[in-house]
Amino acid sequence: MQCHTGARNVQKIMVCLKRVVDYNVRIRLKPDNSGVVTDGVKMSINPFDEIALEEALRLRERGVAAEVLVVGIGPADCQQQLRTGLAMGADRAILVEHDDEVLPLTAARVFLRLAEREQPGLVLLGKQAIDDDCNQTGQMLAALWGRPQATFASKLEIEAGVAVVTREVDAGLEVISVDLPAVVTTDLRLNEPRYVKLPDIMKAKKKPLETLTLAGLGVAPAGGLRTVAWEAPQARQKGAMVTDVDALVATLRDKGFFN
Amino acid sequence: MPKVLIVAEHSGGRLNQSTARCVSCALQIEGNGADVVVLGQDCAAPAAEAATLRGVARVLSVQRPENAAPLAAVLAPQIAALAAGYSHVLGPSTTFGKDLMPRVAALLGAGQVSDLMSVEGPRRFKRPVYAGNAIVTVEVPDSLPVVATVRTASFKPAGAGGAAAVEAATPGAELPGHTRFVEQRGGGGGARPDLQTARLVVSGGRGVGSEANFALLYQFAARIGAAVGASRAAVDAGYVPNDMQVGQTGKIIAPELYMAFGISGAIQHLTGIKDAGLIVAINKDPEAPIFQVADVGLVGDLFTVIPALERALA
Ligand SMILES: Cc1cc2nc3c(=O)[nH]c(=O)nc-3n(C[C@H](O)[C@H](O)[C@H](O)COP(=O)(O)OP(=O)(O)OC[C@H]3O[C@@H](n4cnc5c(N)ncnc54)[C@H](O)[C@@H]3O)c2cc1C
């Protein structure tokens, strides 16, 4: 039997934050179709990652965890999102600088190195990033780390070295229990992230933000998937407006329904 | 020559229709057929069902007590072991496949093509990004296996008429004990048609106003034999359970008819219904963005429109 002293369950929680185009921005393709326009566009923490950070902060506030570390990969500009994470309440940050595209497998390899270095009891990150919509990184990290994964979490409880996670699945809700350390990816209904207050932004400027590189961590970018073309989706045409229910029913019958 | 392995999804002794959709996708990669692997504690029935799908060459059945629940950490190493003989490993882009396939990919040292929506070549595919606001074409090099989740709304289910052999398989993989299934809590669907496969879907948003008011939609749906969906706002407000959410972070569906009541038409919601045959929107706000994409729009109060629809269809 494991001896539980009543002390904290998790010393450290590592939260992965991705910088993405803000979810309110209507994205546009570049004129040469080489990607989407990001110059002058509002960038934010991926909303799912923000939920992950909020959950980590709540665990620390409840005394379940001692320290919250936020980590990110990308160009120097990602410091903004990490600073926002520090302003929300994270204790320190690590940016792994990399100017080129970061595939989920590359991200997972970087987070593995950081997990080995930092030894977190829990890694929290969003279930997907709203730019590439991949929904891969958490699962890949868990695989490479040889640790459990609990994806699409809408409830997280931690007790005696175990996380009990309620997951949003197609059939409803599924509850699994995983040994720590583990990787948990967050769904939208886990919590509502707090707003950052001005004094916290000032305080965040003094919190430590360490910068590393992919090469320094001994990670080579994953080969594999290459994006060869971008295009606009096929737009649905605006249809017809009808003025009353009878006209609606007539239209539906005309299209072959309810006959 | 490509060789495709499909990871079957099943529950309650039945094969999920997403598997038949993966078969259609696989046949576009390799026309001669694909293998299907079914993992479970006792999965003879879904394995037999998979064997009847046209285009399935062989069904591998992996039965062991550890596979009783679909835990990604337990299934992934078995699939990775079986993947050795294949160039492509496909799973459905359902929560089952989204959870499992990236773990398989990482064990194989490969990336993953998420939400594969069209096959442009054996190693060239299209997939949506930015909630479907852009489409990218991606290529996987010859040196790596293709691991993908298939956007099920983009492919028709393969028909019956196959007669593949079912073989027992015992992949040699060490299974972890660190992950345990506790329980499954069903959603609110009850006897209604399944949202992901229904021909007709009636959907409600914040405009419905309350859990009690949703009874109006359930009743209308029952009358026309439709499944019921919802916007995220309706789920967040507690009107309906999470499994009814349609959209970027909910279900991506392609019914023949989608009727949206009191849904504004946020981009994240529209992502989920792009492939619907006919979109009908009922909203009291003539400026609601959903009218920009609806095939048929009616400005009106859903609380008078629904009873009137019932009368007209009676
Ligand atoms: C990362 C992220 C992911 C998201 N994923 C999803 C997702 O998967 N699915 C999803 O749906 N949303 C998603 N959203 C949320 C999305 O942005 C919208 O907030 C949501 O879809 C709005 O739901 P709604 O249309 O029901 O509510 P509202 O936008 O509030 O619209 C309610 C509509 O009801 C109409 N109405 C009110 N009363 C009546 C009446 N009596 N009769 C007729 N009409 C009436 C109003 O005119 C209004 O147009 C996501 C958001 C984010 C940030």
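Below, read A as the first sequence line, B as the second, and so on, with proteins coming before strands; counting in each chain starts at 1.
One finds a salt bridge joining A/K18 and A/D132 here, because a Lys/Arg side-chain nitrogen approaches an Asp/Glu carboxylate oxygen to under 4.0 Å. We find that A/E231 and B/K126 are joined by a salt bridge, their nearest charged nitrogen and carboxylate oxygen being less than 4.0 Å apart. Between A/D187 and A/R167 there is no salt bridge, since no side-chain nitrogen of the basic residue lies less than 4.0 Å from a carboxylate oxygen of the acidic one. Looking at B/E256 and B/R199, a side-chain N of the basic residue comes within less than 4.0 Å of a carboxylate O on the acidic one, giving a salt bridge.
A/L141 does not touch chain B: none of its heavy atoms, backbone or side chain, sits under 4.5 Å away. Only the side chain of B/M259 has a heavy atom closer than 4.5 Å to any heavy atom of chain A. Only the backbone of B/A294 has a heavy atom closer than 4.5 Å to any heavy atom of chain A. Contact of A/P104 with chain B is not made at all, since no heavy-atom distance falls under 4.5 Å. Looking at A/R189, the atoms closer than 4.5 Å to chain B (heavy atoms on both sides) all sit in the side chain, from C-beta outward. Contact annotation for A/Y23: both backbone and side-chain heavy atoms come within less than 4.5 Å of a heavy atom of chain B. Proximity to chain B (any heavy atom under 4.5 Å) is shown, for A/I176, by both the backbone and the side chain. With a threshold of 4.5 angstrom between heavy atoms, A/V242 approaches chain B through its backbone and through its side chain.
Annotation: A/R28, atom CZ; neighbour count of heavy atoms from other residues, nucleotides and ligands within 6.0 Å does not exceed 12.
Ranked by heavy-atom pairs under 4.5 Å with chain B, the list A/Q234, A/R226, A/E174 is led by A/R226.
Relative ring orientation between A/W230 and B/Y130 is described as tilted, the plane-to-plane angle lying within the 30° to 60° band.
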